[in-house]
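Written out below as structure tokens is the structure these notes cover.
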Amino acid sequence: MKINTIIIDDEPFAIKVIQKHLEKFKNFSIVSTFNNPIDAIEVIENENIDVIFLDINMPKMNGIEFIKNITLKSHVVITTAYREFAIDAYELDALDYLVKPIPFNRFLKTVNKLTQRISNINYNSSQKNDAYIFLKVDKKLVKVKYKDILYIESLKDYIKVSTTTDNHIVHKSLTSISEELPNDLFLRIHRSYTISIDKINYVEGNSLTINKKRIPIGRKYLSNTKQVILNANNNN
């Protein structure tokens, strides 16, 4: 799945930062960059652009005006030095809002949101089997397919992602990664565990078992967990 991207920003350094981040992801292709929104309109209208990284304060037309006045099929990620535009951005259905300078760990979260959203739009059964998330393990970006994840365990400031073939230790919170994963495939069942729904072997009392590991279900998660599992069973 190739994700076509353009960057619109009047600061050359800001464009370079996003380019450098995107170069780490082979599935992203930068089609072009622009220093104002007006010049980008022709490309947006005539090419298949999946994602626009869009600054707000720019000449000719600012980013908010651009979103309001142009019909966009692309996902928009706002990139700005100003936090006060966040409400405007979300009201206009921007997928994410990145504050400059953009740290890579925060950018990685945006990339995972984008890949999930675009995969959901284009899903057929084969694409769904190939859907994935990027994990930053040590200094490497590891591509992990959703179908291979068994469960994720919180380890204070880290998480352990257990898959069918390996375990990955990632400097990320359980809440953060749970937000990046599709909720039709994964479920938070405990303050320390998020699990893959279709990997459950059985449920017994206040726990369930995946790949011979018994995982507790937290009291506040119990009712929702059993309801989700019941619904998943009825849909199969």
Side-chain angles (χ1 to χ4, degrees), residues 1-9 11-35 40 43-44 46-55 72-79 94-150 152 158-173 176-182 184-186 196:
M1 180 181 64
K2 185 64 72 174
I3 298 174
N4 292 325
T5 305
I6 64 171
I7 305 167
I8 308 175
D9 200 308
E11 299 176 16
F13 178 74
I15 290 176
K16 287 182 180 179
V17 169
I18 296 173
Q19 286 176 317
K20 185 176 180 181
H21 287 342
L22 285 174
E23 285 171 359
K24 295 179 172 66
F25 304 95
K26 293 182 179 180
N27 59 323
F28 278 79
S29 173
I30 301 174
V31 174
S32 192
T33 65
F34 302 91
N35 60 21
V43 169
I44 292 169
N46 294 308
E47 298 195 34
N48 182 25
I49 303 300
D50 300 299
V51 182
I52 302 172
F53 287 91
L54 179 67
D55 187 23
L72 296 174
K73 297 179 181 179
S74 312
H75 300 288
V76 176
V77 176
I78 296 294
T79 60
L95 182 136
D96 212 344
Y97 188 91
L98 297 174
V99 179
K100 302 173 185 176
I102 304 169
F104 180 75
N105 282 349
R106 180 63 182 84
F107 192 85
L108 176 58
K109 186 173 183 177
T110 298
V111 166
N112 284 331
K113 280 186 182 181
L114 286 167
T115 54
Q116 181 190 144
R117 182 75 63 87
I118 293 169
S119 293
N120 286 343
I121 290 171
N122 297 315
Y123 260 176
N124 57 41
S125 59
S126 62
Q127 287 173 321
K128 191 165 186 177
N129 285 334
D130 290 332
Y132 54 84
I133 189 171
F134 284 104
L135 301 176
K136 189 177 182 183
V137 182
D138 296 326
K139 295 182 179 180
K140 298 182 295 183
L141 283 173
V142 179
K143 181 179 174 181
V144 178
K145 291 184 179 181
Y146 293 155
K147 68 177 184 179
D148 293 334
I149 298 175
L150 299 172
I152 304 165
Y158 292 81
I159 55 172
K160 181 174 75 172
V161 181
S162 294
T163 74
T164 53
T165 59
D166 206 349
N167 293 322
H168 302 291
I169 304 299
V170 183
H171 189 209
K172 183 188 282 282
S173 71
S176 178
I177 195 169
S178 297
E179 290 173 352
E180 295 172 42
L181 293 167
D184 61 327
L185 300 178
F186 296 90
S196 174

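As the structure is a computational prediction, the values presented were derived from the model and not from experiment.
No side-chain donor-acceptor contact under 3.5 Å links Asn35 to the backbone of Pro12. Counting only distance, with no hydrogens or angles, the side chain of Asp148 and the backbone of Thr163 share no donor-acceptor pair below 3.5 Å. Under the 3.5 Å distance criterion, the side-chain polar atoms of Asp50 are matched with a main-chain donor or acceptor of Asn4. Here the side chain of Thr79 pairs no donor or acceptor atom with the backbone of Phe53 at under 3.5 angstrom. Judged purely by atom type and a 3.5 angstrom limit, His21 uses its side chain to pair as donor or acceptor with the backbone of Ile102.
Contact check for Ile18 versus Thr5: no side-chain heavy atoms found under the 4.5 Å cut-off. In this structure the side chain of Asp55 reaches within 4.5 angstrom of the side chain of Lys100, judged on heavy atoms. When side chains are defined from C-beta on, Asn27 counts as touching Tyr132, because their heavy atoms get closer than 4.5 Å.
To the nearest 0.5 Å, atoms NE2 (His171) and CG (Asn105) are separated by 8.0 Å. Note that the CD atom of Gln116 and the OH atom of Tyr146 stand 4.5 Å from one another [nearest 0.5 Å]. The distance from the CD atom of Gln19 to the CD1 atom of Ile30 is 5.0 Å, given to the nearest 0.5 Å. Once rounded to the nearest 0.5 Å, the distance linking CD1 of Ile8 with OG1 of Thr33 reads 10.0 Å. Once rounded to the nearest 0.5 Å, the distance linking OG1 of Thr115 with NZ of Lys113 reads 11.5 Å. Distance check: Leu98 CG to Thr110 OG1 gives 4.0 Å after rounding to the nearest 0.5 Å.
Contact record, Ile169 with Val137: O-CG1, 3.9 Å, taken as the closest heavy-atom pair. Between Ile177 and Leu135, the shortest heavy-atom contact is CD1-CD2, 3.7 Å. Closest non-hydrogen pair, Ile15 versus Phe34, comes out as CD1-O, 3.9 Å. The two residues Tyr97 and Arg106 come nearest to each other via the heavy atoms O-NH2, 3.7 Å. Considering all non-hydrogen atoms of both residues, Asp9 and Ala14 come closest at OD2-CB, 3.5 Å. Scanning both residues, Phe28 and Leu22, for their nearest heavy atoms gives CD2-CD2, 3.7 Å.
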So Lys26 and Lys143, side chain to side chain contact (heavy atoms under 4.5 Å, CB included) or not? Walk me through it.
CA-CA 11 Å; Lys26 293 182 179 180; Lys143 181 179 174 181; over 6 Å; no
Report the C-alpha separation of Val161 and Ile133 in whole Å, then their side-chain angles, then the decisive distance to 0.1 Å, and conclude whether the side chain to side chain contact (heavy atoms under 4.5 Å, CB included) test is met.
CA-CA 11 Å; Val161 181; Ile133 189 171; over 6 Å; no
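Between Ser162 and Asn167, the side chains place a donor N or O and an acceptor N or O closer than 3.5 Å (distance only, hydrogens not considered).
Ion pairing between Asp96 and Lys109 fails under the 4.0 Å rule for side-chain N and carboxylate O.
Atom NZ of Lys2 is surrounded by more than 12 heavy atoms from other residues, nucleotides or ligands within 6.0 Å. Counted within 6.0 Å of CG on Asp138, heavy atoms from surrounding residues, nucleotides or ligands total 12 or fewer; the atom is thus considered open. Counting heavy atoms of neighbouring residues, nucleotides and ligands inside a 6.0 Å radius, atom NZ of Lys160 exceeds 12 of them.
Among Leu95, Ile49, Val51, the one residue that satisfies the side-chain contact (heavy atoms from CB on, under 4.5 Å) test with Ser74 is Ile49.
Geometric assessment of Lys136 against the ring of Phe104 yields a negative cation-pi assignment under the 6.0 Å and 45° thresholds.
By the side-chain hydrogen bond (donor to acceptor under 3.5 Å, both in side chains) test, Ser176 pairs with Glu180, sequence neighbours left out.
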